[in-house]
Amino acid sequence: MSKSLFRSPRGTRDILAPESTRRHQLVNRFGEIAERSGFGLLESPIFEDVSVFQRIGASTDIVTKELFEFNDKGNPPQRLALRPELTAGVCRAFAQHRPTVPWKVWYHGPQFRYERPQSGRYRQFMQVGAETLGSDDPHADVEMIGLGLSFYEAVGLRRVRLLLNSLGDVESRSAYRYALTRYLQQRSTELTEQSLATLGVNPLRVLDSKRPADQPVISEAPVMTDFLTEESAAHFQEVQDCLDGLDVSYELAPRLVRGLDYYTRTTFEFVTDSLAAAQNAVGGGGRYDGLVESLGGPSTPGIGLALGVDRTLLACEAEGVLAEVSSAVRVFVVDTVGGSQAVGLCDRLRRAGISTDRAFDRRSMKAQMKLADRSEARIAVIVGPDEQSEGVVSVRDLRSHAGQQKIPEADTVKTVKRLLSTLS
RNA sequence: GUAGCCGUAGCUCAGGGGUUAGAGCGCCGGGUUGUGGUCCCGGAGGUCGGGGGUUCAAAUCCCCUCGGCUACCCCA
């Protein structure tokens, strides 16, 4: 490692082949499930005007201290930032294009946060997610939650729990904020220094503290759900009723706040019991009924969710699900003659839809056979001097001791196809 | 941003002041001249993360720095 001059920047990594394939599968799986529910893929920019993200919230660490910001080369330059999450960009796109509502999109891609890396936490990380804009129907909330659950189910995770809360509308929230602030101030001597600081910025987030010393105060704090307006309470109740109707189990988590300031009403989080608490949040989401408007669009309700690909994979590993992907290669061409035969054979096999690999550099028969074995191909197609002079190739089943047969070179594709279908 | 632990071959790790730094796995080659998976033999590959210091002598001790891990924080 000291030999290479450069390494991937802090908090980023190269994801090599078989793991990258698994991640790809995970993303595809999510996409299939989302499209089955009428969500269309949205590809949006990886960077935006920094103001787009600042709408996420002034007390959100993600925008106050974790943004990768830079100027472009314009005059005057535009202040840009790598996206730290995807919802803001989706809402910007909505405000820009004004699609007919409800607008249901899904997406995937990297996001960037300048923070201290540790396991399940990177400076560049992957999420898949979905948003429904233009409806505040509780059924949209339930559909969104269901989407997340279907995904975890599809990848085989069993130890995922759904935490559910409502943060209410503006009116409920300010009443609650007031009550909570008063309560926390009364007991401020019992709070940690850090929580006191948070209290000044965003009292709700004090509830997020994991510091043991804060827990007694937090556990006796007033809960949001007691402050919901009639309308918000009814909305929340409807969400719960629907979930009950679907036999979805969930836990009411009245102190679930989540770190993004834009959330209103329904909020939820998916946590796994197979990872440590620091990274047990594998996904989450909620309503953000004011976000589009704050980005200059029409007043538009919205709900979304984002699921962490990296953490989902960690959880899969911990639970031992999502089997190893097997080699895609079925045929390996061994050519010790070194002419253009291997090139032609590979080309024909591949054009016929058979995944095929080969050796390079004129290695010995033994070396090439080793590679063939390692490739996990089922069949080796061998060309040596004998075969070449006879105009044939040898075809060998690599997983039996049945020996090998010579066939006319021209029949290679036909024979290999037949063999593959009978062998496997 | 705060705190603790850790950086030795591609990977997992021994060695914890004294001659040319080791193992297993992986990789390459060979085992009588064209055939893999087992076995046997051989080989390549490290300025011991980087820089500075202490010492006759540093992978080993000290400082700084970079990186990794863990917790807080934050969140996926």
Side-chain angles (χ1 to χ4, degrees), chain A residues 1-13 16 56-57 59-66 84-87 108-129 148 192-195 197-198 202 205-206 208-214 256-260 269-272 275-285 305-315 332 334-337 359 361 363-377 379-388 394-401 403-404:
Chain A
M1 61 185 85
S2 57
K3 264 175 74 181
S4 71
L5 204 49
F6 298 109
R7 41 171 49 199
S8 58
R10 186 164 203 197
T12 69
R13 62 225 162 106
L16 277 359
I56 295 170
S59 70
T60 304
D61 281 15
I62 289 175
V63 296
T64 56
K65 40 188 199 194
E66 296 179 0
E85 58 104 57
L86 281 160
T87 304
H108 61 92
Q111 284 143 85
F112 307 86
R113 294 180 194 172
Y114 191 85
E115 35 178 8
R116 210 101 181 223
Q118 55 183 262
S119 94
R121 194 170 92 177
Y122 306 96
R123 289 184 172 184
Q124 175 175 338
F125 62 100
M126 269 286 243
Q127 282 186 342
V128 293
T192 57
E193 212 176 303
Q194 286 144 304
S195 287
T198 313
N202 186 347
R205 293 262 292 288
V206 174
D208 257 345
S209 165
K210 286 180 196 161
R211 290 172 290 270
D214 291 325
L256 174 69
V257 179
R258 300 187 53 74
L260 274 32
E269 195 163 286
F270 299 106
V271 297
T272 173
L275 296 177
Q279 58 266 359
N280 73 349
V282 290
L305 93 180
L307 313 177
V309 173
D310 306 272
R311 285 188 189 174
T312 299
L313 238 16
L314 284 178
F332 198 96
V334 169
D335 181 351
T336 57
V337 183
D361 303 314
R363 299 237 255 151
S364 70
M365 175 72 74
K366 180 171 180 166
Q368 292 194 44
M369 286 305 290
K370 264 188 177 170
L371 292 176
D373 183 55
R374 215 180 300 154
S375 78
E376 289 175 40
I379 290 172
V381 172
I382 303 164
V383 183
D386 295 354
E387 284 87 354
Q388 189 180 44
S394 291
V395 174
R396 181 183 182 89
D397 177 359
L398 290 169
R399 280 185 239 168
S400 75
H401 300 274
Q404 62 193 49

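A quick note: this is a predicted structure, and the numbers were derived from the prediction, not measured. Proteins get letters first, then strands, A, B, ... in listed order; numbering begins at 1 in each.
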Practice task
Kindly say whether A:Y122 contributes a backbone atom to a donor-acceptor pair with the side chain of A:Q124 at under 3.5 angstrom?
Solution key: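 No, because the side chain of A:Q124 does not come within donor-acceptor range (under 3.5 Å) of the backbone of A:Y122.
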Exercise for the section: Spell out, as yes or no, whether a donor-acceptor pair under 3.5 Å connects the side chain of A:R311 to the backbone of A:G120. Expected result: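 Checked: pair present.
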Problem - Side-chain donor-acceptor pair present, A:T198, A:S195, cut-off under 3.5 Å - result: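 No, no side-chain donor-acceptor contact under 3.5 Å.
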Problem - Side-chain donor-acceptor pair present, A:T192, A:R211, cut-off under 3.5 Å - result: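 Yes, because at least one side-chain N or O of A:T192 sits under 3.5 Å from a partner of the opposite role on A:R211.
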If you measure from the [atom1] atom in [N] to the same atom in [M], how many Å do you get, rounded?
N      : M      : atom1 : answer
B:rC48 : B:rG22 : P     : 14 Å
B:rG45 : B:rA21 : C1'   : 14 Å
B:rG17 : B:rA23 : C1'   : 23 Å

Rounding to a whole Å, what distance do you find between [X]:[atom1] and [N]:[atom2]?
X      : N      : atom1 : atom2 : value
A:Q127 : B:rC74 : CD    : C1'   : 13 Å
A:N280 : B:rC73 : CG    : P     : 13 Å
A:I62  : B:rG1  : CD1   : P     : 18 Å
A:E85  : B:rC74 : CD    : C1'   : 14 Å
A:D335 : B:rU35 : CG    : C1'   : 14 Å
A:R123 : B:rG1  : CZ    : C1'   : 11 Å
A:K210 : B:rC74 : NZ    : P     : 8 Å
A:R7   : B:rG7  : CZ    : C1'   : 9 Å

Under 4.0 Å: is that the gap between some side-chain N or O of [X] and OP1 or OP2 of [N]?
X      : N      : answer
A:R211 : B:rC73 : yes
A:S209 : B:rC73 : yes
A:R116 : B:rU70 : no

What nucleic acid atoms does [X] come within less than 4.0 Å of, heavy atoms only: base, sugar-phosphate, or nothing?
X      : result
A:R13  : nothing
A:G129 : nothing
A:L307 : nothing
A:E269 : nothing
A:A367 : sugar-phosphate
A:Q111 : nothing
A:K366 : base
A:G11  : sugar-phosphate

Handout entry: Most 5' of A:Q118 and A:R205 on RNA chain B, judged by nearest nucleotide
Key =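 Whichever sits nearer the 5' end wins; that is A:Q118.
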Do [X] and [N] have a side chain to base donor-acceptor pair shorter than 3.5 Å?
X      : N      : value
A:D373 : B:rG37 : no
A:E115 : B:rA76 : yes
A:R121 : B:rA76 : no
A:R311 : B:rC75 : yes
A:R396 : B:rG36 : yes
A:Q404 : B:rU35 : yes
A:R363 : B:rC28 : no

Practice task
Test A:D335 against every option in A:I382, A:V383, A:V381 by the side chain to side chain contact (heavy atoms under 4.5 Å, CB included) rule and name the one that passes.
Solution key: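 Between A:D335 and the candidates, side chain to side chain contact (heavy atoms under 4.5 Å, CB included) is satisfied uniquely by A:V383.
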Problem - Salt bridge A:R399-A:D373, side-chain N to carboxylate O under 4.0 Å - result: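 Salt bridge flag = no for A:D373 with A:R399.
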Problem - Closest to side chain of A:R374, choosing from B:rC28, B:rU35, B:rG68 - result: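 Closest nucleotide among those given: B:rC28.
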Handout entry: Face-on cation placement of A:R113 at A:F125 ring, 6.0 Å and 45° thresholds
Key =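 Here A:R113 fails the 6.0 Å and 45° test against A:F125.
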